[in-house]
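Taking it in order: structure first as structure tokens, then the write-up.
Below, read A as the first sequence line, B as the second, and so on, with proteins coming before strands; counting in each chain starts at 1. These numbers come from the heavy atoms of this one structure, side chains and all, not from hydrogens, waters or symmetry mates.
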Number of protein chains: 2
Amino acid sequence: MNLKQLSEALGLSQTTVSRALNGYPEVSEKTREKVRKAALAANYQPSKRARSLATGRAMAIGHVIPVSTQQELVNPVFGDFIAGAGEIYSAEGYDMILSLVKDSDEADFYRDLKIKGNVDGIIVHGPRMADPRIALLKELGLPFVVHGRASDIDLPYDFIDVPNITAFDQATTHMIELGHRRIALINGVEDLDFACRRRKGYERALSRAGLRIDPALMHSSDMTEAYGYNAARDMLDTDNPPTGFAVASMITALGVRRAIEERGLKTGRDVSIVTFDDDLSYMRNGTQEAPIFTAVQSSVRDAGRHAARMLLDRVANPNAPAAETMMDCGLIIGETTGPVPKN
Amino acid sequence: MNLKQLSEALGLSQTTVSRALNGYPEVSEKTREKVRKAALAANYQPSKRARSLATGRAMAIGHVIPVSTQQELVNPVFGDFIAGAGEIYSAEGYDMILSLVKDSDEADFYRDLKIKGNVDGIIVHGPRMADPRIALLKELGLPFVVHGRASDIDLPYDFIDVPNITAFDQATTHMIELGHRRIALINGVEDLDFACRRRKGYERALSRAGLRIDPALMHSSDMTEAYGYNAARDMLDTDNPPTGFAVASMITALGVRRAIEERGLKTGRDVSIVTFDDDLSYMRNGTQEAPIFTAVQSSVRDAGRHAARMLLDRVANPNAPAAETMMDCGLIIGETTGPVPKN
DNA sequence: AAATTCATGCAAAGCGCTTTGGATTTACTG
DNA sequence: CAGTAAATCCAAAGCGCTTTGCATGAATTT
């Protein structure tokens, strides 16, 4: 059933039927109601393809997920971010198009995306320091919102981020206040902007407390469970092990805990952990029960919702001034931190 | 730059240019080469919208991800599955459209998908027992591949699955052979087909060994970390605790381990765990280093790749006989299992 | 009653591509 | 060299929708 058939069945022109269905004022309420009923009865849905060709709007948003070439790692936060964004899209009648792109050939990919015109806008994931994508997208005129931020960029652009510096300052300071002096940082890959900021926050807290920044205590890699385990194990097995860990993700923190427990130590008593917690749906920490990990927490799902709204606004209004959203990020105290042990 | 402009610039008709670019034989190699070069130089890409309207093919595959209404839980395996599938799609020029749908209004959703025509086929995720979606999709004539399987359905349909029964039989038998007699099952939600099968495998192994099937040792819920912890804790705190756990996902198994260690017990010595392991990229178990968890393992990313290929085949050839693919699933021995402790 | 506005509906022109059916040119046969 | 087949290209008709520009008749005003 298409428009033509429906309009013939109704004895109306395609124009009128189309207008009736799309809420244009040039059609009487009586006709509109009649058309609506007929459409419902005939199970009529306008073809997305035809519609978007005619309107020039794709009614779709692209999510471009960079896949790090070495590891082929998919960041576990994407699932929840996308779930959040998807809620908004489907409420607004937008499709979500997902593309996983090797970080090597991203530039071409964006260019093609614009030309092929199958999306109205995109969400940029995993921004790096001074990320070149931002200038490119601006130049292409393809609406976008960055999930995260890219430092050292002059252009104004839309982004939504968590206060990473503050968060890791807070996390580190919390341990400092508990008496910890040797605090390790188990960070993500530091050409990613968020990781860089977390490191800055960590360093700021140490400096404020007059503590030395020790490169031997700072690690940076893809945030897997194994990485957390390995990094923690190596540091714990030295002569002068850290008593606290600031960790960039729950998954990695689980690995850290594994290393701690394996050494016969007790997390929270012998060694403390504060982690960043994206509030992943299958790994809730304190949302339904008492928190396990002491953590700086911010819901990535909420971020997804918010980012989607920002992008749809941008699509609707390309010339509005750039919007910058900062998510809330609170320290929640769980069982993985405690006063530094005396010895 | 569109077809018309390009063809005018070349002094050729749109037909010829289109044919040249799409590899039709009616155009000389010389012309084709000339056209190709011009297209490249002008950065020409055919509009996806227009093309799919003309051809009737959307060049897009839909992934419909059911979101359980209570928990709003996104199964962490989707990320990797989609990463695998995405590789294939992009190699074949297909887009991937993701939709998260509340399991309540799925039927309508599929119907609309077909009518609106924005996908050529879909992957069905999270099949339940006797899942009604399969009959519906057959009836709609929308090509699909099921990730998993739905029991009790007579119709032939394409699916890719892991041998869940065998896998959990094997996992359970492994512990039985180590002397365990009280083995708990920490399963997913059992109206999902895969969970039901895993339970069958578990029960089969127990029965074969002449062990009693004890409902008190069988739990079923959304596979979160907290669920694993809670279920294990409750059972371990009884008078007659299990000495082994068969667990349906790594995430949940992490929770089980947490409960074990918290009780001052050592995993693998005092209590054993065998888990199902989807080989998630951020939680590798034995792929790069010695395995931590004893597990029945099957790469969900590979499954994604394979499912995508199956679906594209189906789209190309709607009347081929139904294809059923069974993934490999091997038991890998890690450190979380050991002989039952004597006491 | 004539002049003006408003409400309602229509025909037709795109949107940018693919593809059908034909026309024209070139190459090949006997 | 005429006659046929093959190669090469083109004009134009869709695909299913939105939207522009008009036409019609009803309602309102003077």
Quick check for you: among dT19(D), dC15(C), dT19(C), whose closest atom lies nearest to any side-chain atom of Tyr24(B)? dT19(C)
Could you state the CG-P distance from Leu53(A) to dG14(C), rounded to the nearest angstrom? 14 Å
Thr55(B) side-chain proximity, nearest of dT19(C), dG14(D), dT19(D): dT19(C)
Would you indicate what Gly11(B) reaches in the nucleic acid, counting non-hydrogen atoms under 4.0 angstrom: base, sugar-phosphate, or nothing? sugar-phosphate
Minimum-distance nucleotide to Thr31(A) side chain [options: dT8(C), dC17(C), dC10(C)]: dT8(C)
Roughly how far apart are Leu6(A) CG and Asn43(A) CG, rounded to 0.5 Å? 11.5 Å
Taking only the side-chain heavy atoms of Thr16(A) (C-beta and beyond), determine which of dT18(D), dG9(C), dT8(D) contains the nearest atom. dG9(C)
Are there more than 12 heavy atoms of other residues, nucleotides or ligands under 6.0 Å from atom NZ of Lys37(A)? no
According to a strict under-4.0 Å criterion, is Ser18(A) in side-chain N/O contact with OP1 or OP2 of dT18(D)? yes
Between dT18(C) atom P and Arg51(B) atom CZ, what is the distance in whole Å? 5 Å
Please state whether the base of dT19(C) and the side chain of Thr15(B) form at least one donor-acceptor pair under 3.5 Å? yes
Candidate nucleotides dC10(D), dG16(D), dG16(C), ranked by approach to the side chain of Asn2(A) - the nearest: dG16(D)
Can you tell me how far C1' of dG16(C) sits from CG of Asn118(A), to the nearest Å? 14 Å
To the side chain of Ala54(A), which of dT18(C), dG16(D), dT8(C) is closest? dG16(D)
Which residue, Thr16(B), Leu10(B), Val17(B), forms the side-chain contact (heavy atoms from CB on, under 4.5 Å) with Ser13(B)? Thr16(B)
May I have the distance from Leu3(A) (atom CG) to dC10(C) (atom P), rounded to whole angstrom? 12 Å
For Asn317(A), look at atom CG and say whether over 12 heavy atoms of other residues, nucleotides or ligands are found less than 6.0 Å away. yes
Give the rounded distance in Å between these two atoms: CD of Gln14(A) and P of dT20(D). 16 Å
May I ask you to evaluate whether Ser28(A) reaches the phosphate of dA7(C), defined as a side-chain N or O under 4.0 Å from OP1 or OP2? no
Do the side-chain N or O atoms of Ser13(A) get closer than 4.0 angstrom to the phosphate oxygens (OP1, OP2) of dC10(C)? yes
From C-beta outward on Arg19(B), which listed nucleotide comes closest to its side chain: dC17(C), dT19(C), dT8(C)? dT19(C)
With a 4.0 Å cut-off, would you call Arg301(A) and Asp80(A) a salt bridge? yes
Spacing between Glu29(B) atom CD and dC9(D) atom C1', to the nearest angstrom: 15 Å
Could you state the atom-to-atom distance from CZ of Arg49(B) to P of dG16(C) in whole Å? 9 Å
Residue met sooner reading DNA chain D from 5', once Lys4(A) and Val27(B) are mapped to nucleotides: Val27(B)
Whole angstrom is fine here: how far is it from OH in Tyr44(B) over to P in dG16(C)? 10 Å
If you draw a 6.0 Å radius around NZ in Lys138(A), do more than 12 non-hydrogen atoms from other residues or ligands fall strictly inside? yes
What's the closest nucleotide to the Ala50(A) side chain, out of dG16(D), dT8(C), dT8(D)? dG16(D)
